[in-house]
Asker: 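The structure under discussion is supplied below as structure tokens; questions concerning it will follow.
Counting starts at 1 for both ligands and their atoms, in listed order.
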Amino acid sequence: MPARIAVVPAAGLGTRFLPATKAVPKELLPIVDRPAIQYTIDEAVGAGIDHIVIVTNEAKPGIEGYFKPSQMVVDKMRAAGRDELAARMERIGRDVQVSFVYQDKPLGLGHAVGCARALVGQATFAVLLPDELLPDANLLSAMSELNQKTGKSVLGLARVTMDQVSAYGCVVPGVDVTAELGASVVQLAGVVEKPKREEAPSDIVLMGRYILEPSIWDDIASLKPSANGELQLTDALQEQIHREGMHGIVVDSDHYDTGNPFGWLTTVIDIALKDPIVGKQLSEWLRSRGSG
Ligand code: G1P
């Protein structure tokens, strides 16, 4: 069965974005007219997911609030003749089942994903980190297809410059599988979380998309603190790679990091420039500032 359920870890405190994230979760910061997390939902739905489990914490009630029905606003938009917006508002949280689980201690990404175990059960599942924004579902769909073909977990990968690798989980590439699976597929011999630049095994990193086979749950349950003293999902992947093998697909489209002010700003500008409503106006404005 292809992955139909996705875990979206959203319990982080957004410390790279304080004080903006003191009252507004970073997942709700707007990218043009949509909160960032809606892009994650749209991407997942586009890849065939019909149930999203959001891992949050009780200090971020705004995330649940976003998915609650808002009949009053819908009625007001309809009365104002804004039917398209009303329909969009009505779809939020209805085109897909959304569930919430709570991470009560910030013990790391491995722990956050582990909080969803009871809800996900023994199914192949996706994990999407909402800080990483992809404008379409192409990568996740290709990952799901490869998972169907191999029966093994598949990771979303990106190439970065060597001075960026230590911010990510980094891949130890295995044998060349181009002839068998295509040029963008990498067989994984291992993964290491946030290596020092001089110790990094490659320039290929984990970019926040995972299709995981359920045997990962026991690896997650056995995690010990490692990089940054946290329970790292990457360490569970390393166990699964050694036991069962795994592949990754290197993304070939735009992808954005919205989790810090500069990344968010450039994401907003880039996506706004492609927007049918504000794109032209923004590009003219940038040109008038001598920067377009
Ligand atoms: C997490 C993962 C890391 C991955 C990264 C992608 O790190 O632990 O393996 O490369 O997301 O954004 P974080 O950004 O939470 O430090």
Side-chain angles (χ1 to χ4, degrees), residues 6-18 21 25-27 29 36-37 39-40 43 54-57 60 103 105-116 126-134 139-140 143 153-173 186 188-197 199-212 216 219-220 223-241 246 248-251 253-264 266-267:
V7 178
V8 176
L13 299 175
T15 52
R16 289 185 295 168
F17 230 132
L18 283 168
T21 46
K26 65 179 173 178
E27 295 81 6
L29 294 176
I37 199 164
Y39 284 85
T40 314
E43 179 194 343
I54 298 181
V55 184
T56 181
N57 73 54
K60 298 170 86 174
Q103 185 191 27
K105 288 192 200 108
L107 297 181
L109 180 61
H111 178 255
V113 173
C115 293
V127 176
L128 291 87
L129 307 190
D131 273 3
E132 300 280 340
L133 190 151
L134 288 166
L139 175 71
L140 198 62
M143 288 167 60
S153 295
V154 179
L155 308 184
L157 305 175
R159 282 188 190 276
V160 295
T161 58
M162 284 314 280
D163 43 299
Q164 293 174 304
V165 280
S166 52
Y168 294 94
C170 184
V171 162
V172 186
V186 176
L188 305 182
V191 279
V192 41
E193 183 67 13
K194 300 195 172 66
K196 290 194 186 117
R197 179 199 163 118
E199 287 163 12
S202 73
D203 63 348
I204 307 174
V205 300
L206 279 53
M207 47 68 69
R209 295 294 178 273
Y210 312 76
I211 302 277
L212 298 176
I216 197 83
D219 299 314
I220 289 175
L223 283 172
K224 302 267 174 319
S226 68
N228 296 339
E230 295 180 347
L231 302 177
Q232 296 289 353
L233 181 61
T234 302
D235 294 340
L237 298 171
Q238 171 79 349
E239 291 301 317
Q240 204 184 38
I241 290 170
M246 196 179 293
I249 302 185
V250 181
V251 63
S253 67
D254 290 331
H255 55 100
Y256 305 96
D257 178 0
T258 62
N260 63 80
F262 182 75
W264 173 79
T266 49
T267 308

Asker: Would Gly169 count as a polar contact of ligand 1, with the cut-off being nitrogen or oxygen pairs under 3.5 Å?
Answerer: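 Between Gly169 and ligand 1 (N or O atoms, distance only) the closest approach is under 3.5 Å.
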Asker: Given the rule in the side chain to side chain contact (heavy atoms under 4.5 Å, CB included) test, do Thr56 and Glu27 qualify, once you have shown the distances and angles that lead to the verdict?
Answerer: CA-CA 10 Å; Thr56 181; Glu27 295 81 6; over 6 Å; no
Asker: Scan the protein's non-hydrogen atoms and note whether one is under 4.0 Å from atom 16 (O) of ligand 1.
Answerer: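 Under the 4.0 Å cut-off, atom 16 (O) of ligand 1 does have protein heavy-atom neighbours.
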Asker: Would you say the side-chain atoms of Ser166 pair up with the backbone N or O of Lys194, donor to acceptor, closer than 3.5 Å?
Answerer: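 No; judged by distance alone, with no hydrogens or angles, the pair does not exist.
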Asker: When you measure from the side chain of Lys60 to the backbone N and O of Lys26, does any donor-acceptor pair fall under 3.5 Å?
Answerer: no
Asker: Quick one: side-chain hydrogen bond (donor to acceptor under 3.5 Å, both in side chains) partners of Ser153, sequence neighbours excluded?
Answerer: Gln240
Asker: Would you say Lys194 and ligand 1 have an N/O pair spaced under 3.5 Å apart?
Answerer: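 By distance alone, the answer is yes.
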Asker: What are the atoms of ligand 1, with element, lying closer than 4.0 Å to any heavy atom of Gln232?
Answerer: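 Counting atoms of ligand 1 from 1, those under 4.0 Å from Gln232 are 8 (O).
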Asker: Please write down residue, atom name and distance for the protein heavy atom closest to atom 2 (C) of ligand 1.
Answerer: Glu193 OE2, 3.6 Å
Asker: Got a donor-acceptor contact below 3.5 angstrom from the Glu132 side chain to the Leu129 backbone?
Answerer: no
Asker: Would you say the side-chain atoms of Asn228 pair up with the backbone N or O of Glu230, donor to acceptor, closer than 3.5 Å?
Answerer: no
Asker: Please check atom 7 (O) of ligand 1 for a protein heavy-atom neighbour under 4.0 Å.
Answerer: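 It does; a protein heavy atom is within 4.0 Å.
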Asker: When you measure from atom 5 (C) of ligand 1 to each heavy atom in Leu206, Val165, Thr234, which option holds the nearest one?
Answerer: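 Looking at heavy atoms only, Leu206 sits closest to atom 5 (C) of ligand 1.
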Asker: Tell me every residue that passes side-chain contact (heavy atoms from CB on, under 4.5 Å) with Ala112, counting only those two or more places apart in sequence or in another chain.
Answerer: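 Applying side-chain contact (heavy atoms from CB on, under 4.5 Å) to Ala112 gives Pro9, Val55, Gln103.
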Asker: Would you tell me which option among Val171, Leu129, Leu109, Leu237 has the nearest heavy-atom contact to atom 11 (O) of ligand 1?
Answerer: Leu129
Asker: Quick one: look up the protein heavy atom nearest atom 12 (O) of ligand 1 and list residue, atom name and how far away it is.
Answerer: Glu132 OE2, 2.9 Å
Asker: Does an N or O from Tyr168, backbone or side chain, lie closer than 3.5 Å to an N or O of ligand 1?
Answerer: no
